[in-house]
> 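Structure in structure tokens, see below.
Please read these numbers as outputs of a predicted model, since none were measured by experiment.
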Protein chains: 2
Amino acid sequence: MTSRRPDYEEEADRGGGALRKRATINDIARLAGVSKKTISRVINDSPFVKVETRDKIHAIMKELGYRPDPQARGLAFRRSFLIGMIYDNPNPQYVVNVQQGILEAVRESGFELVVHPCNRADAGFLDQVRTFVEQLKLFGVVLTPSVSEDDDLVAILRELDCPYVRVASVSLDEAERMIVTHDADGAAEAARHLAALGHTRVAFISGPPSFRSSHERRRGLAEGLAEQGITLEDRYIIEGAYTFDSGVACARALLAMDEPPTAIFTGNDEMAAGVYTAARDAGVSIPDDLSVVGFDDSPMAARLWPPLTSVKLPIRNMGRFAAEKLIDMATPESERRTRSHQVEPGLAVRGSTASPR
Amino acid sequence: MTSRRPDYEEEADRGGGALRKRATINDIARLAGVSKKTISRVINDSPFVKVETRDKIHAIMKELGYRPDPQARGLAFRRSFLIGMIYDNPNPQYVVNVQQGILEAVRESGFELVVHPCNRADAGFLDQVRTFVEQLKLFGVVLTPSVSEDDDLVAILRELDCPYVRVASVSLDEAERMIVTHDADGAAEAARHLAALGHTRVAFISGPPSFRSSHERRRGLAEGLAEQGITLEDRYIIEGAYTFDSGVACARALLAMDEPPTAIFTGNDEMAAGVYTAARDAGVSIPDDLSVVGFDDSPMAARLWPPLTSVKLPIRNMGRFAAEKLIDMATPESERRTRSHQVEPGLAVRGSTASPR
DNA sequence: CACGGCACGGAAACCGGTGTCATTTGACGG
DNA sequence: CCGTCAAATGACACCGGTTTCCGTGCCGTG
């Protein structure tokens, strides 16, 4: 039973001094000459309040700078006004982008964002997430890969009656609860690009197999190449971890092969950066000796030299859209602004790809 | 009065189904055969409870998986169990690093982290932050540059009786509330490094003047150079914005000078990456024609080519230390593990610096 | 035997809102 | 003028804890 203890003092003068106490619902009720309940109705936009009454109450609220206490409301509602972001992605760049998007949507909504990293490999993973959601009585959560693919986790969220939106490379749930990134399509586009340049020995450095995206991106690549009559050979498929270091290691292995690939497609830009480093160490020139294509089109892609060709994913928008969907679940359909939440990958062609020698 | 409205339904069946209701303090009291008050005492680690009673109650709590409701406790305490991170840094890499550090400390403490970006240039900036802190009744906040340097903001936090820790380049408050990064020392070390290599025409691309660190880093650079009898000339000082694009623009301007600098020190690594791009466009080779030193030693520094020499700041630890200090404020001094929270900058020397021709 | 500190108990109020259900108000038809 | 019915509002318990303000055994001490 861990618990925050307020430096125990059973009955003591809690200092505090002359804090101008904030107005409460009772104050407003008294001043307006109505009951608490009516104030509550106004707070919650009940249609059963006379317009004049409502306006008058609004005026009083404004004058006193009154804002209902989220904690008290939450206690009664059995629900807080916090949105959670649950993630286990080893790539900080990805995380911060999604987060920015969520914050954009959250900022104008009155909710706040609680971030919660986790590790699916931990023994108590599910319990830990359950505790997080249950204790905070989260209003909803955004799940990013790979936790977004965890059906056990989703089952818990359903049990807890906690709304969620999953960001994933393929659809795993009702459309209402999904932001689908169609990774395979993006990878296929990269494949077509490489094939058009004349590459036939194409390698793939995947992310960890626990990420659905790893498989989707490989599948897309393989299918895109197959369209052009090219085979993605098993010997050219190697498993990374979505980290820079793993990219270096995998690229090293590929470049050391008797018949090394002429192009490497990586599961994300972090690993592509690793390929750059390994190539330099091996005296292999990009793009002359080796073409490289990344995935995500993170800010880093344009900063590398040569600038990295990369499958473009609107990661930030994905976060924004996910949060908007969540917030929409709380908005009456009538007031919901219809907005499109389609995510389509593209390909940003830069200097890291060229025809093989 | 913006407010989350639960799709109004005054009296409706809120679905929910057969949710196994969680145990409350009353259940525990009944089962333990004691009063609520005693349970409350146990929750808050009151010393006025017999050991056996406490153990027995703990056992019952454990069996029922009881966890006191933070919302209810918060309502009574007039305080939540959330820690806020307030930032306005334009560099996402910096933000995500601090955040990771905070999360490390927070994870094992029972608190949760709410992130709150903001913009000091906004008209309602102070009110907005006040609302954030007041509404959430934050347990405490971590302030990062440049909002950490805003005394008006701090005044509000004091008024709201909200504990805070400021991360800044110089001490601005009592030691208990500061994580000081001594940016000037780091910059001075970079200056000595460049001087030792024989550079005399050294330029500085600063961050925005609203960041104290911009001035500190310049000061440190100037002083370090002065030690070696070198002057940091005004014409070589140029103002960036801590962003990649600003780095490109500033470097372009510097390289176009009649007598361009032989070395550029940038306020952060993002801008250093911009210098790389501008140098390439101008046909200037790093480090042969131009030495570059960054600040932060972000992961990107090692990925650039040539790898970037950079002043090393333990950004992640800064976040961790800040959060630990905050949490310490809630821990009785007796139980506080004494830990050192010193931050010392260093210099990671890599391939982007060499003697001028 | 009086006294004081420890370890609790009990009832009620409180924190600041919401849900339930009853009651009042006003407009309208007869 | 009265009955009716929907609209508008109120009284009261409740959400899950904490605090207040007493009490009461129990035990050790002088």
> What is the distance, to the nearest angstrom, from the CG atom on B:D69 to the P atom on C:dG16?
16 Å
> Looking only at side-chain atoms of A:R78, point me to the closest of D:dC15, D:dA11, C:dC15.
D:dC15
> Nearest heavy-atom pair of B:I102 and B:G319: which atoms, and what distance?
CG1-O, 3.5 Å
> Would you kindly give the CZ-to-P distance between A:R22 and C:dC15, to the nearest whole Å?
16 Å
> B:V49 or B:K137: which one's nearest nucleotide on DNA chain C is closer to the 5' end?
B:V49
> Quick one: ring pair (Phe, Tyr, Trp, His ring centres under 6.0 Å) partners of A:F132, sequence neighbours excluded?
A:H116
> Which whole-number value in Å describes the distance from B:K36 NZ to D:dT18 P?
9 Å
> For the pair made of CZ in A:F48 and C1' in D:dA7, what is the distance, rounded to whole Å?
9 Å
> What's the CD1-P distance between A:I39 and C:dG17, to the nearest Å?
10 Å
> Look at the side-chain N and O atoms of B:T24 and state whether any lies under 4.0 Å from the OP1 or OP2 oxygen of D:dG16.
no
> In whole Å, what is the span from the NZ atom of B:K37 to the P atom of D:dC21?
12 Å
> Nearest to the side chain of A:L75, heavy atoms from C-beta on, is which of D:dT9, D:dG16, C:dG17?
D:dG16
> Any idea which of D:dA8, C:dT18, D:dG16 is nearest the A:N44 side chain?
C:dT18
> Identify which one of B:L138, B:V133, B:V129 satisfies the side-chain contact (heavy atoms from CB on, under 4.5 Å) criterion when paired with B:L160.
B:V133
> Take atom OH of B:Y66 and atom C1' of D:dG16, then tell me their distance rounded to the nearest Å.
7 Å
> Is A:S35 near enough to D:dA11 that one of its side-chain N or O atoms lies under 4.0 angstrom from OP1 or OP2?
no
> Listing request: all salt bridge (Lys or Arg N to Asp or Glu O under 4.0 Å) pairs with a residue in residues 117-129 of chain B, at least two apart in sequence or in separate chains.
B:R120-B:D150
> Go through B:K137 and A:D69 one step at a time and tell me if the salt bridge (charged side-chain N to carboxylate O under 4.0 Å, His left out) criterion holds.
CA-CA 9 Å; B:K137 304 210 201 81; A:D69 182 330; 2.6 Å; yes
> Send over the distance from A:N26 CG to D:dC12 P, rounded to a whole Å.
14 Å
> Among C:dG9, C:dG16, D:dT18, find the nucleotide with the atom closest to the side chain of B:V34.
C:dG9
> Quick check on C:dG9: is either OP1 or OP2 less than 4.0 Å from any side-chain nitrogen or oxygen of B:T38?
yes
> Measuring from the side chain of A:I43 (C-beta onward, heavy atoms only), which nucleotide among C:dG17, D:dT18, C:dC21 has the closest atom?
C:dG17
> Is A:S40 close enough to C:dG19 that one of its side-chain N or O atoms is under 4.0 Å from OP1 or OP2 there?
no
